Amino acid sequence: MRILSRFLMAATDASQFPAPALPEVAFLGRSNVGKSSVINALVGKKLAKTSSIPGRTRSINFFELRWPGKPQPELIFTDLPGYGYAQLSREISSRWPDFIEPYLKERPCLALCLVLVDVNVPAQPSDIQLLEFLCGIERPFVVLGTKSDRLSANQLRNALESLGQELPQAQILPFSARTGAGREELWRQIREATDAHRGKRKPERVEAPVK
Ligand code: GDP
């Protein structure tokens with residue numbers, strides 16, 4: 001099954017957020033972690049622009065997703081600005097645009113945060129602080145270990161173990177936009193979180209949409 005997706009809008013201020021309606025899945029991570037590639041791999045087309053393209057990088061970009069044959073869109077992906085390599089505590093309060101924190105704290109339809117970390121490098125203080133922030137505000141999150149194709153199976157196991165020690169509060173899912181590894185499991189988690197958010201009974205078996 002294909003997924004129909006389209007760019008809805010870019011918000012640079014909380015007053016511009018669309019009225020909350022569908023469940024939203026937020027994508028967060030340091031610049032260059034592979035965020036655009038994950039979004040594009042999930043929807044099967046170049047929906048999110050890479051961070052090298054200026055303009056949309058300091059905004060929250062809203063994308064609407066619909067399943068073919070269904071008249072209504074099902075969920076929204078939100079692409080949040082990549083954060084830098086500096087400490088997030090300061091960024092969250094000052095250098096990160098000030099509409100990010102209200103989005104994460106107050107958005108009623110935010111069903112799941114996907115926090116992307118590169119499995120090839122140790123967790124950074126900014127990643128740890130973001131997870132502590134999400135824990136503090138009780139937002140459900142999953143950590144994606146991106147670019148898993150760059151490691152052998154052994155190296156990946158070790159990398160996941162180290163990341164697990166650095167981020168003890170996290171469930172870490174390895175993912176490769178290049179090979180598609182982890183895509184089906186990620187879709188399963190997204191469907192589970194958005195269904196739970198809608199208050200639906202969980203389906204017995206969730207199919208990942210196929211490209
Ligand atoms: P963003 O800045 O977080 O949106 O990151 P991009 O999606 O633009 O990716 C940053 C760089 O990492 C690009 O050069 C991508 O080709 C590379 N990259 C992204 N995902 C993968 C992956 O799964 N495997 C590998 N090997 N490289 C990746």
Side-chain angles (χ1 to χ4, degrees), residues 3 5-12 24-63 65 76-88 91-92 95-97 100 103-104 112-131 133-134 141-160 162-163 167 170 172-190 208-211:
I3 303 162
S5 54
R6 69 181 182 108
F7 172 70
L8 263 188
M9 61 160 321
T12 53
E24 293 179 3
V25 176
F27 292 76
L28 294 137
R30 282 178 297 122
S31 307
N32 217 39
V33 71
K35 193 154 51 69
S36 311
S37 303
V38 170
I39 294 173
N40 294 340
L42 284 172
V43 300
K45 78 173 192 194
K46 285 205 170 165
L47 183 65
K49 305 285 186 282
T50 57
S51 50
S52 58
I53 297 175
R56 288 189 186 165
T57 52
R58 302 295 284 172
S59 54
I60 298 183
N61 300 318
F62 292 78
F63 302 102
L65 273 66
I76 304 276
F77 279 178
T78 56
D79 183 6
L80 275 73
Y83 45 87
Y85 292 82
Q87 302 287 321
L88 190 71
E91 280 187 40
I92 269 212
R95 277 191 283 165
W96 235 22
I100 305 293
Y103 178 81
L104 294 174
L112 181 66
C113 292
L114 296 176
V115 178
L116 279 55
V117 298
D118 187 335
V119 281
N120 300 271
V121 295
Q124 303 295 301
S126 52
D127 300 318
I128 294 166
Q129 284 175 322
L130 174 60
L131 292 186
F133 176 75
L134 293 175
F141 62 84
V142 168
V143 174
L144 275 195
T146 63
K147 310 184 191 180
S148 65
D149 58 278
R150 288 188 176 164
L151 299 176
S152 69
N154 255 343
Q155 289 171 324
L156 180 59
R157 203 172 20 251
N158 291 338
L160 290 171
S162 308
L163 274 177
L167 309 171
I172 304 168
L173 177 64
F175 190 94
S176 166
R178 196 150 288 179
T179 66
R183 180 177 179 270
E184 204 159 318
E185 173 60 16
L186 179 55
W187 263 119
R188 197 188 66 73
Q189 300 221 10
I190 290 172
V210 180
K211 272 193 227 176

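Every number for a ligand or one of its atoms is a count from 1 in the order of the listing. This structure is a prediction, so every number in the text was calculated from the model and none was measured.
Contact atoms of ligand 1 toward S37: 6 (P), 7 (O), 9 (O), 19 (C), 20 (N) (distance under 4.0 Å to a heavy atom of the residue). Each of the atoms 1 (P), 2 (O), 3 (O), 5 (O), 10 (C), 11 (C) of ligand 1 lies under 4.0 Å from some heavy atom of N32. Of all atoms in ligand 1, numbered sequentially from 1 with element shown, those under 4.0 Å from a heavy atom of S176 are 23 (O).
The backbone N or O of L47 sits less than 3.5 Å from a side-chain atom of N40, completing a donor-acceptor pair. In this structure, the side chain of E185 does not engage the main chain of R183 through any donor-acceptor pair within 3.5 Å. For the pair K147 (side chain) and R178 (backbone), a donor-acceptor distance under 3.5 Å is absent. Judged by distance alone, with hydrogens and angles left aside, the side-chain atoms of D79 form no donor-acceptor pair with the main-chain N or O of A48 at under 3.5 Å.
Legend: residues meeting salt bridge (charged side-chain N to carboxylate O under 4.0 Å, His left out) with R150, ordered by chain and number and at least two apart, are absent. Not counting sequence neighbours, T146 has no partner by the side-chain hydrogen bond (donor to acceptor under 3.5 Å, both in side chains) test.
Under 4.0 angstrom from ligand 1, the non-hydrogen atoms of D149 all belong to its side chain.
Looking at R150, K147, K35, it is K35 that brings a heavy atom closest to atom 1 (P) of ligand 1.
An N or O contact shorter than 3.5 Å is missing between S31 and ligand 1 by distance. Remark: ligand 1 and F175 share no N or O pair separated by less than 3.5 Å (distance only, no angle test).
Look at T146 and you'll find every heavy atom at least 4.0 Å from all atoms of ligand 1.
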